[in-house]
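We name chains A, B, ... by the order of the sequence lines, and we start the count at 1 in each one.
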Amino acid sequence: MAVYLDNNATTALDERVLQAMLPYMGQVTGNPSSVHRFGRLQKDAIEQARESVARLVGARAEQVVFTSGGTESNNLLINGFYQHNRGSRIAVSAIEHMSLLEPAQNLGDMVDIIEADENGHINNSALEQAVDERTSLVSVMTANNETGVIQDLSLLIDFAAENNCFFHTDATQAAGKIALDFAGSGIHAMTVSAHKLYGPVGVGALIIDKRLPIKKLQFGGSQEKNLRAGTENVPAIVGFGKAAELAMAEMQMNARKMYQLRDALEKGLKELNEVSVFADRAERLPNTLQFGVNGFDGETLLMQLDRKAIAVSSGSACTSGKTEPSHVLKAMKVPDALANSAIRVSFGKHNTMSDVEALLAALHDIIEINQQSAVMMAATV
Amino acid sequence: MAYGEKVLDHYENPRNVGSFDNAENIGTGMVGAPACGDVMKLQIKVGDDGVIEDAVFKTYGCGSAIASSSLLTEWVKGKTLEEAQAIKNTEIAEELALPPVKIHCSVLAEDAINAAVTDYRNKNN
Amino acid sequence: MTEQTIKPIYLDYSSTNPIDERVVSEMLKYMGPDSSFGNPASRSHSYGWTAEAAVETARKHVADLVGANPKEIIFTSGATESDNLAIKGVAHFNKKRGKHIVTCKTEHKAVLDSCRQLEREGYEVTYLDPMENGLLDLKVFEDALRDDTILASIMHVNNEIGVIQDIEAIGKICRERKIIFHVDAAQSPGKVEINLEELPVDLMSFSAHKIYGPKGIGALYVQRKPRVRLEAQMHGGGHERGMRSGTLATHQIVGMGEAFRIAKQEMASENERLLKLRNKLYDGVKDMEEVYINGDIDQRIAGNINISFNYVEGESLLMALNDLAISSGSACTSASLEPSYVLRALGRNDELAHSSIRFTMGRYTTEEEIDRTIEHVRKAVEKLRELSPLWDMYKDGIDLDSIEWAAH
């Protein structure tokens with residue numbers, strides 16, 4: 001198999017998480033809403049997982065609402081808030097994931113976009129431009145999925161508080177990689193997803209402070225404190241709980257390792273001609289690095305890397321296959337040509353230094369050969 | 001829903017199940033309605049001294065309703081009518097550790113003893 | 001899971017099914033560090049392509065069981081989401097054509113609550129009463145349709161009483177009037193033949209965990225010819241042809257596909273076996289007095305029997321039948337004290353509605369378990385009738401309706 005460096009798209013399920021899930025994928029089953037003991041056992045398992053997820057983000061268990069994933073959480077937040085607070089404006093940053101940006105954009109002129117600076121940061125003046133007294137919700141992601149840039153959350157929270165706004169943050173990429181403190185920081189809602197932290201795909205959560213007024217979007221049962229109808233995905237929720245527990249215990253160890261890999265990669269990349277690392281002056285997630293190679297087309301680069309058994313992506317998997325340059329890089333005023341050559345490397349806990357070396361060697365070859373052929377082409381003309 | 005130990009005990013071994021034939025010294029209270037999912041029938045046998053000598057019940061309802069009426073029959077025996085009427089639903093709920101959704105079962109039991117005493121008094125006035 | 005040591009008899013298959021071992025082993029190929037764990041939306045490497053191929057194979061398996069084209073299958077997080085997407089999605093897309101929707105009072109809450117939400121948004125909904133046997137009177141259905149009716153939503157198999165609606169006839173009526181027809185089929189695949197190539201159905205909701213697949217995954221069939229259009233309810237990435245965004249849960253989809261594949265192979269023999277078990281169970285209790293079947297006995301899936309034991313209250317019966325995992329009413333409402341709204345819609349009186357028990361059998365139910373069930377049920381009903389003042393009154397020939405109950 002190829003070297004997997006696309007952990008921001010999805011991570012491999014941790015073996016220990018799988019083991020925790022298996023008892024709930026066997027012959028003993030039950031619907032958590034059933035009153036018989038089969039049902040109760042499932043319900044208990046959900047509540048235990050809720051505690052673990054709450055601990056990972058510094059929230060209380062009752063603030064955790066399980067969903068089918070980050071996309072549903074973000075949709076629930078934006079549309080659920082809008083349904084409850086018609087007429088008030090929502091401000092979201094330009095660099096949000098599509099699962100937040102798209103539902104927001106669908107609300108049309110009720111939404112204001114907060115611009116990012118060239119380092120991928122949301123600063124005070126951008127906030128002041130987008131937010132006014134009609135705004136009641138501000139949403140800015142904790143860390144970006146493409147560049148890895150981490151926002152100064154306390155600045156954003158303070159700004160939201162001063163302007164009487166609720167504050168939501170999409171922490172899908174941040175959870176499990178950096179410490180989070182939901183209850184202590186004054187955040188009103190937070191999105192998290194299991195499969196970005198070695199948990200299963202198909203489960204996520206919206207952490208909600210009860211002060212945040214929100215309406216449910218999916219009807220047909222009173223599950224999840226009447227905010228999300230539907231039979232709970234018990235094995236996945238159990239897996240999420242276990243993954244959260246492990247992420248919490250191993251966060252520092254993993255972060256240290258990833259910083260080493262990323263710094264080695266960044267150092268190596270800077271020795272290559274024509275490579276620019278995006279947002280390299282900003283504080284970024286330990287595992288994420290995005291760069292462009294001048295004069296290259298991103299698709300071609302990805303194809304060539306794939307041939308050399310390196311699995312990376314240009315940016316978000318959810319916009320993968322689209323030819324437009326990334327909206328995140330556009331927001332950071334990266335020139336289109338360079339943005340079009342973007343490669344995102346996202347390390348996981350299974351990666352090693354030899355993976356970095358393999359990637360650097362592959363890139364070196366690709367760039368070298370291209371330059372040689374360019375020279376040869378020039379010579380034949 | 002998990003039931004408490006005392007509810008289970010009364011449910012599995014209900015005390016004083018039965019009926020008395022109608023007579024002067026019998027008071028009968030039937031409360032609740034099938035539509036609500038519970039009907040409680042409590043009968044007391046009152047001695048000449050005004051003390052409840054015996055009590056029996058029949059209940060259609062959930063486990064907590066059955067346990068509440070079973071417990072009630074134990075409690076009223078040996079009590080005067082006034083003492084029996086002084087039994088409060090909260091005492092029953094507390095004794096059986098009823099969850100909030102089942103408090104109405106203890107209310108029904110309180111209604112039942114009041115109805116039985118009233119019936120007895122109506123007959124003997 | 002400490003209570004595992006006591007092994008009660010599981011007769012609650014309509015609530016959820018255990019996952020078939022064969023399904024689990026397929027799923028495991030996409031779970032864990034040494035598996036094909038990629039994100040199917042990743043277009044730049046083999047991890048993504050392998051996952052995408054697995055999703056497409058599963059899509060084909062799901063489509064094959066119900067006679068659909070794989071392109072007509074949209075994966076969701078479950079039947080609840082499918083119902084929400086179908087009903088709200090169609091209503092929102094067609095709001096300029098009309099604002100009237102027709103459904104039935106015995107639908108699952110996912111359908112009813114979606115309709116209630118639409119009412120709050122200004123739509124009009126007609127909730128039809130079924131006949132006493134749980135089936136819809138076609139004449140009543142037809143009469144309810146109006147010029148501004150845009151959508152009808154009628155379930156295939158009822159989750160509580162197991163009756164099978166004639167969706168072909170209902171669909172034909174809808175087609176004649178160009179009304180979009182949605183069918184909640186969470187309970188029917190693998191139990192009833194479904195051929196969407198011929199059925200006049202525009203949208204159909206499916207669930208995996210009711211057919212020995214995993215929880216947290218379902219699908220919505222969206223017909224392509226003629227094309228049914230709906231407004232997506234979840235945005236961000238445009239997965240599933242723009243109708244449902246969100247990272248596809250490969251292992252769950254693979255599990256659903258495998259479950260549907262197995263069902264196609266085994267449904268004939270399985271239904272035959274279940275019918276025998278069901279008849280055995282019914283034969284074992286029907287000689288008792290005042291025992292009633294809820295719902296039509298013939299137009300019904302093999303694995304379901306819903307019985308009212310008159311003058312015995314359902315919750316106390318569940319408690320007495322502690323060794324059986326069964327339900328009174330549906331699992332989604334069983335924590336409430338209300339009697340089943342499905343039975344009320346059938347016109348069952350309070351006592352009968354309160355005394356109903358649903359037994360649903362499945363792939364792992366054994367004959368020996370049915371024998372034990374019969375024994376338990378007979379004992380429990382007898383014991384509770386001993387305790388029941390209503391039973392005494394019935395025995396004394398007193399008409400319960402003649403009594404003025406003090407409702408509390």
Side-chain angles (χ1 to χ4, degrees), chain A residues 2 4 6 9-10 12-15 18 23 25-31 33-39 41 68-69 71-72 74-75 97-103 106 195 200-203 217-221 229-236 302 306 311-314 317-321 350, chain C residues 1 3-4 8 10 12 15-19 24 27 31-33 35 37-39 41-48 77-78 80-81 83-84 108-111 113-114 116-117 209 214-217 233-237 239 245-252 318 325-327 331-332 334-335 364:
Chain A
Y4 188 75
D6 200 10
T10 193
L13 190 69
D14 188 295
E15 185 60 37
L18 177 59
M25 295 171 62
Q27 283 292 299
V28 179
T29 189
N31 188 319
S33 297
S34 296
V35 292
H36 51 66
R37 78 187 78 181
F38 286 91
L41 286 172
S68 69
T71 295
E72 186 183 333
N74 281 342
N75 274 261
H97 188 264
M98 289 317 282
S99 61
L100 194 124
L101 210 46
E102 246 183 69
N106 285 344
H195 77 105
V201 196
V203 64
L217 299 178
Q218 186 165 304
F219 301 88
T231 302
E232 300 90 333
N233 186 356
V234 183
L302 288 173
D306 177 64
V312 287
S313 67
S314 55
C318 299
T319 46
S320 175
H350 305 290
Chain C
M1 311 212 347
E3 288 184 55
Q4 252 181 37
Y10 191 79
D12 204 9
S15 256
T16 189
N17 291 176
I19 313 182
V24 175
M27 290 171 72
M31 300 174 80
S35 73
F37 62 80
N39 183 332
S42 294
R43 295 281 153 78
S44 55
H45 50 69
S46 56
Y47 289 89
S77 67
T80 295
E81 186 186 332
D83 287 339
N84 273 259
H108 190 268
K109 288 279 183 201
V111 168
D113 289 354
S114 294
R116 296 241 160 76
Q117 170 62 16
H209 77 106
K215 291 188 179 82
I217 188 79
Q233 303 291 303
M234 218 188 281
H235 303 271
H239 308 72
S245 293
T247 301
L248 292 173
T250 310
H251 69 284
Q252 305 206 134
L318 285 189
I326 45 178
S327 69
C332 300
S334 57
Y364 308 103

TODO: Sort C:I217 into side chain, backbone, both or neither according to what part of it lies under 4.5 angstrom from a heavy atom of chain A.
DONE: neither
- [ ] Heavy-atom distances under 4.5 Å only: say whether C:N17 touches chain A with side chain, backbone, both or neither.
- [x] backbone
Task: Heavy-atom pairs under 4.5 Å with chain A, option from C:M31, C:M27, C:Q233 with the top count - done: C:M31
Open item on the list: Can you list everything that forms a salt bridge (charged side-chain N to carboxylate O under 4.0 Å, His left out) with C:D113? Sequence neighbours excluded, please.
Closed with: C:R116
Task: Heavy-atom contact with chain C under 4.5 Å, split by part of A:V203 - done: neither
Task: Residue among A:D14, A:V234, A:L100, A:V312 with most heavy-atom pairs under 4.5 Å to chain C - done: A:V312
TODO: Under the side chain to side chain donor-acceptor pair (under 3.5 Å) rule, what do A:H36 and C:D12 come out as? Steps first, then yes or no, please.
DONE: CA-CA 10 Å; A:H36 51 66; C:D12 204 9; 2.6 Å; yes
Task: Top contributor to chain C interface from A:G69, A:S68, A:G202 [non-hydrogen pairs under 4.5 Å] - done: A:S68
Task: Gap separating the CG atom of A:N31 from the OG1 atom of A:T231, nearest 0.5 angstrom - done: 4.5 Å
TODO: Go through the atoms of A:L101 and report whether side chain, backbone, both or neither lie under 4.5 Å from a heavy atom of chain C.
DONE: neither
Task: Top of A:L217, A:V201, A:L302 for chain C proximity - count of heavy-atom pairs under 4.5 angstrom - done: A:V201
TODO: Would you mind checking which part of A:N233 comes under 4.5 Å of any heavy atom in chain C, side chain (CB onward), backbone (N, CA, C, O), both or neither?
DONE: both
Open item on the list: Within the structure provided, determine whether A:E72 and C:M234 are in side-chain contact (heavy-atom separation under 4.5 Å).
Closed with: yes
Task: Contact origin within C:Q252 toward chain A - heavy atom pairs under 4.5 Å - done: side chain
Open item on the list: Is it true that A:N74 and A:S99 share a donor-acceptor pair across their side chains at a distance under 3.5 Å?
Closed with: yes
- [ ] State, to 0.1 Å, how close C:S15 and A:S34 come at their nearest heavy-atom pair, and which atoms those are.
- [x] OG-OG, 3.4 Å
Open item on the list: Under the rule for ring-ring contact (aromatic ring centres under 6.0 Å, His included), what residues qualify as partners of A:F219, not counting sequence neighbours?
Closed with: none
Task: Aromatic centroids of A:Y4 and C:H45 separated by under 6.0 Å - done: yes
Task: chain A contact via C:P33 - side chain, backbone, both or neither, heavy atoms under 4.5 Å - done: both
